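Predicted model only: the values in this text are computed from it and were never measured. Order of the sequence lines sets the chain letters (A, B, ...), proteins ahead of strands, with each chain counted from 1.
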Amino acid sequence: MTQPRARMSPRKRKLYVQVAAYAVFVLAVLGLVLFADWGAVGEYFLDLDVAANAFPKIITVALKNTVIYTLSAYVVGFVIGLVVALMRLSSIAVYRAVALVYIEVFRGLPALVVFLIFGFGLPVAFPGLVFPFEQYGTVAVALGLVAAAYMAETFRAGIQAVPKGQMEAARSLGMPYTRAMRSIVVPQALRVVIPPLTNELILLFKDSSLVFVLGVTAFTTELSKFGGDLAATYADSTPLVLAGAMYLVITVPLGYLVRRLEAKQGRAR
Amino acid sequence: MTPAVVISGLHKRFGDLEVLKGIDAEVQPGEVVCVIGPSGSGKSTLLRCVNLLEVPEEGTVVVNGVELTHRDVDIDAARRSVGMVFQQFNLFPHLTVLENLTIAQRTVLGRGKAAADGVARENLERVGLAEREGSYPAKLSGGQQQRVAIARALSMDPQVMLFDEPTSALDPELVGEVLAVMRSLADDGMTMLVVTHEMQFAREVADKVLFMDGGHVVEQGPAAQVVGDPQHERTKLFLSRVLNPNHLE
């Protein structure tokens, strides 16, 4: 029997693969640097003169409005979502059915369609219908209703993750169901759902850009619309790059926070 | 004297499975009754029917003269007189030890903070954990958690205490401290219904022992008789297996 030809040792093989991977990366970067038109990129995406014109309104108006739209919708979604989740877990069949229909409808519809219905459908159908705080109210309700459907499912999962013994222990101490839910089960569920709910906040932050379909004024504009309008005015994409950077300034730290919270929960378990 | 607990003709089904097939039992005030029997014999279900964590299909449960199974009874009010201790402790992990003991006192009994704290500290003293009132349950050993759970139930001033295999989830070296607390409760005259596998505890502490198998009470009587000198074949077999776990017949 002859020995089969000696193969490369696994360690050596791994080294070669790594070197090859780095080489591909370096070549790709070199190609980009050598062949891209950096002058055009600088002029159309990073034009400092255009950027200067975006300030301070990009922060005092656009970013401010984006934050207001997002947080107000988040609060509405949080409250309705929790109520829908509790209905979904109710012992009363009608409540369960209503909650299920709500979740399926608002999770299934594009947020854009909901905005159009709230912005144009409802005011035409019910001329007397006026949301408080004008555009802000409409956005809080429309975006909040969409967010509530997702949050309801998150809350439901969180509540179901609380061991059954907790409810039993509370009931055996004489607490009525609603009190046991409020004092014992929901507080524990909220801890579990903080990371996914923070993710929801990030999604909502981006979805707030859909406000543009309602038609915004110079005072109610938000980041995407603001950046887009300014980009059109100057025929230059720099304002959009700036608007994008504003989103990232908020979402990246939130994403970091989610990872921290998840790691912490992972350790606690 | 009216009995503390009267169970009559109790039937409980889970789907097609009939877990309790007509149970009759009584607990007198101040009495300790232990329920023993193999797994799946229905003893935990029986206990859970006594405070209606499980609702029986047939039969009645009367605690201190109040029929809990009657449909007009306010079950939340009725449960206040029955304390329960679970196999898995079920302490509230988001509350401190003291808060675990006071939350139901305050929300259910309407006691003020000072009064509730006072009762809670008294009961923590009783289970030997007065110094741990500020701890969260996760910081306690299993034995300590179970003792807190006992103190939590006691803080509602129950007239009957139910124990559902209170030592089965504990490391062996922690069983003793929980049994010691239960023993002192029994000595203080607490009415107790205890589902347990601790035969020595049953023999020494119980006034009466119920042996259950297959959803029936097979044998009941004074502890010394049922554990020490069982009459039924099924009871003898069960006890010989439990008391001599290494012996294969």
- prompt: Heavy atoms, side chains only, cut-off 4.5 Å: are B:Phe92 and A:Pro187 in contact?
  reply: no
- prompt: Which distance, rounded to the nearest 0.5 Å, do you find between the CD of A:Gln166 and the CD of B:Gln88?
  reply: 11.0 Å
field: Within 6.0 Å of CG in B:Asp72, more than 12 heavy atoms from elsewhere
entry: yes
- request: Kindly give the heavy-atom pair with the smallest separation between B:Asp76 and A:Met175, and that separation in Å.
  value: OD1-O, 3.6 Å
Minimum heavy-atom distance A:Leu173-B:Ala153, with the two atoms named: CD2-CA, 4.3 Å
- prompt: Side chain, backbone, both or neither: which part of A:Ala170 has a non-hydrogen atom closer than 4.5 Å to chain B?
  reply: both
message: I'd like to know whether CZ of B:Phe14 has more than 12 heavy-atom contacts from other residues, nucleotides or ligands below 6.0 angstrom.
response: yes
query: B:Asn90 side chain to A:Gly165 main-chain N or O, any donor-acceptor pair under 3.5 Å?
result: yes
Distance, nearest 0.5 Å, that separates CZ of A:Arg171 from CE of B:Met84: 13.5 Å
task: Sort out for me which of B:Thr107, B:Asp74, B:Asn51, B:Val85 touches chain A most, counting heavy-atom pairs under 4.5 Å.
output: B:Thr107
message: Surrounding CD of B:Glu67 (heavy atoms of other residues, nucleotides or ligands, distance under 6.0 Å), is the total greater than 12?
response: yes
- request: Write down the atom of A:Ala169, the atom of B:Arg152, and the distance for their closest heavy-atom approach.
  value: CB-NH2, 3.5 Å
query: Could you state the interatomic distance from OG (A:Ser183) to NE2 (B:His94), rounded to the nearest 0.5 Å?
result: 7.0 Å
message: Would you say that more than 12 heavy atoms from the other residues, nucleotides or ligands in this model lie under 6.0 Å from the CZ of A:Arg182, or not?
response: no
Contact origin within A:Arg179 toward chain B - heavy atom pairs under 4.5 Å: side chain
- prompt: More than 12 foreign heavy atoms under 6.0 Å from OH of A:Tyr136: is that the case here?
  reply: yes
- line: Pair count under 4.5 Å, heavy atoms only, with chain A: among B:Val82, B:Leu91, B:Leu52, B:Ile75, highest is B:Leu91
- prompt: Which pair of heavy atoms, one from A:Gln188 and one from B:Pro93, lies closest together, and at what distance?
  reply: OE1-CG, 3.2 Å
